[in-house]
Amino acid sequence: MADGHAKPNHDYHLVAPSPWPLLASIFAFTTAVGLIFWMKGLPLAGLKLGSLLFGAGLIGLLSIMAFWWVDVVKEAESGDHTQVVQISHRYGMTLFIASEVMFFVAWFWAFFDASLFPGEAIQYARVAFTGGHWPPKGIEVIDPWHLPLINTLILLTSGTTVTWAHHALLENDREGLKKGLASTILLGLLFTSIQAYEYAHAPFAFKNSIFGATFFMATGFHGFHVIVGTIFLIVCFFRANAGQFTPKQHLGFEFAAWYWHFVDVVWLFLFSCIYVWGSWGAVTEASVG
C-alpha cells in the first residue's frame, strides 16, 4: 500500500482531476445560447439579455482556456510531458490543423462555386447578383498588387523569422529565439493593421454582394487566425523570457510555429485565388488609400 501513490512505471500522463472541462462546457453552452437569443432578439425572462449572456459566456470561456493552459504549462514544467506524451500532443495538434484546413476549404468552396458558376440558374437569385459573370456587375475590386501584395511579403517574411526563432531555440541561442519571436509578432501586428485599413477602404461591402460575402468571410476568418496566432506567439515570447523552453522540450513554441506556417500557406491560396484570379477582368480600384 505504501507504493500505491508512487510514480507510475510508464511513460503516459494520467491527468489529475480538473474542473476545467465541466466549466468549459457550461460556458460554451452559455455562449451559444446567448448568441442565439441575441441574433434572434428573443426575450429571456421578459428581458432581451442575449448580448449579456453571450458576453458573460465568452468571458468565462476565455478565462477557462487561460487557466487550463496554465495547468498544461505546469504539467510540462513538472516533467509530465514525456517523449511518448509529446507524440500524442503532436498528433492532436496535427488533427487540429487538419480540421482548420477543412474549415477554410468550406470558404474556398463557396468562393469557387459562386465564381465558376455565376449564371447557375438553380441557385436562387444568383444571376440577379452576379449578372451572369464574375466578378459581378458593378463590383470594383481591390488591386491585388498594392496592399495585398505587401501583406503577402509581410507574412512570408514572418514565416522566415519564426523559423529563425525555432532554429535558435534548437541551438540554445536564447537571444536569437527572443529576437525571432519579437520580429514575427511585430510582422503579425503589421499584417493585421494593414488588413484593417484595407477593409475600411474596400470599394465593396459584405451586405447584398456574393463577391463581398465570399471575400470577407474567407479573408476575415484568416485575419482572425492571424490574431490568434499572434497571441499564441506573444505567450511564447513571455515564456521564452521566463526560460521555460529548452532545445529538447518546447512543444508550446513548436505548435505556435506550426500554426503560423499554416496561416502563411492559407494566405498564399487566398492571395492567388481571391485577390489575383478573382479580380481578372474586373474594374480594379485605382488606390486603396
Side-chain angles (χ1 to χ4, degrees), residues 20-21 24-25 27-29 31-33 35-36 39 54 57-58 61-62 64-65 68-69 72 85-118 120 122-124 126 134-135 144 148 151-152 154-156 158-159 162-163 166 184 188 191-192 195 198-199 206 209-233 235-236 251-279:
W20 309 134
S25 63
F27 281 115
F29 178 76
T31 303
V33 171
L35 182 60
I36 293 170
M39 291 190 300
F54 169 77
L58 184 60
L61 190 59
L62 293 175
I64 294 302
M65 291 167 63
W68 200 341
W69 280 327
V72 173
V85 173
Q86 289 185 40
I87 292 174
S88 299
H89 288 169
R90 287 189 173 92
Y91 284 151
M93 188 65 184
T94 300
L95 291 173
F96 170 72
I97 292 179
S99 72
E100 291 284 77
V101 169
M102 298 311 298
F103 176 81
F104 277 101
V105 164
W107 303 120
F108 278 105
W109 189 298
F111 173 78
F112 282 116
D113 180 60
S115 59
L116 293 175
F117 306 101
E120 183 62 57
I122 197 172
Q123 297 291 341
Y124 175 72
R126 175 172 291 185
W134 192 268
N151 259 351
T152 301
I154 289 172
L155 268 191
L156 290 176
S158 72
V162 77
T163 302
H166 193 185
T184 309
F191 175 92
T192 301
Q195 189 170 48
E198 177 188 285
Y199 277 12
F206 180 91
S209 169
I210 294 179
F211 185 90
T214 54
F215 174 87
F216 284 114
M217 291 302 289
T219 61
F221 270 117
H222 174 268
F224 171 75
H225 281 71
V226 171
I227 294 172
V228 171
T230 303
I231 296 172
F232 203 169
L233 291 170
V235 172
C236 288
L251 276 185
F253 172 78
E254 187 174 336
F255 291 164
W258 287 8
Y259 190 84
W260 198 255
H261 288 308
F262 160 73
V263 168
D264 284 352
V265 172
V266 171
W267 176 257
L268 290 177
F269 280 100
L270 286 171
F271 177 73
S272 302
C273 299
I274 294 182
Y275 282 98
V276 178
W277 181 83
S279 65

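If you're wondering where the values come from, they're calculated on a predicted model, not measured in any experiment. Just so you know, these numbers use all the heavy atoms, side chains as well, and skip hydrogens, waters and symmetry mates. When a residue number appears, it is its place in the shown sequence, counting from 1.
Separation of the Trp258 and Phe255 ring centroids falls under the 6.0 Å cut-off. You'll find the ring centres of Phe271 and His222 outside the 6.0 Å limit. Taking the six-membered ring wherever Trp is involved, the centroid distance between the rings of Phe269 and Phe104 does not fall below 6.0 Å. Here Phe112 and Trp277 bring their ring centres to under 6.0 angstrom of each other.
To the nearest 0.5 Å, atom CG of residue Asp264 and atom CD1 of residue Ile154 are 11.5 Å apart. If you take CD1 on Ile274 and CH2 on Trp107, they are separated by 11.0 Å, rounding to the nearest 0.5 Å. Leu155 contributes atom CG, which lies 10.5 Å from atom OG1 of Thr184 (distance to the nearest 0.5 angstrom). Atom CZ of residue Phe27 and atom CG of residue Leu61 lie 8.5 Å apart, to the nearest 0.5 angstrom. Glu254 contributes atom CD, which lies 12.5 Å from atom NE2 of His89 (distance to the nearest 0.5 angstrom). Separating the CD atom in Glu100 from the CE atom in Met93 is a distance of 8.5 Å, to the nearest 0.5 Å.
In terms of heavy-atom proximity, Gly278 sits nearest to Pro135 at O-CG, 3.1 Å. Of all non-hydrogen atoms in Gly188 and Val226, the two that sit nearest each other are O-CG1, 4.0 Å. A pairwise comparison of heavy atoms in Ala256 and Cys236 identifies CB-SG, 3.7 Å as the closest pair.
Looking at Thr152 and Leu268, their side chains come closer than 4.5 Å, going by heavy atoms from C-beta outward. Under the 4.5 Å side-chain criterion, counting only non-hydrogen atoms from C-beta, Phe191 is not in contact with Ser158. In this structure the side chain of Val228 reaches within 4.5 angstrom of the side chain of Tyr259, judged on heavy atoms. In this structure, Trp260 and Phe232 have side chains that are not in contact, with every pair of non-hydrogen atoms separated by 4.5 Å or more. Counting heavy atoms from C-beta outward, Phe262 and Val101 have side chains that approach closer than 4.5 Å. Side-chain contact between Thr219 and Tyr275 is present, with heavy atoms from C-beta onward closer than 4.5 Å. Counting heavy atoms from C-beta outward, Leu58 and Leu62 have side chains that approach closer than 4.5 Å. With a 4.5 Å cut-off on side-chain heavy atoms, Gln195 and Thr192 do not count as touching.
The aromatic rings of Phe206 and Phe216 sit tilted, their planes meeting at an angle between 30° and 60°.
When Trp267, Phe108, Phe103 are each tested for a ring pair (Phe, Tyr, Trp, His ring centres under 6.0 Å) with Phe221, only one passes: Phe103.
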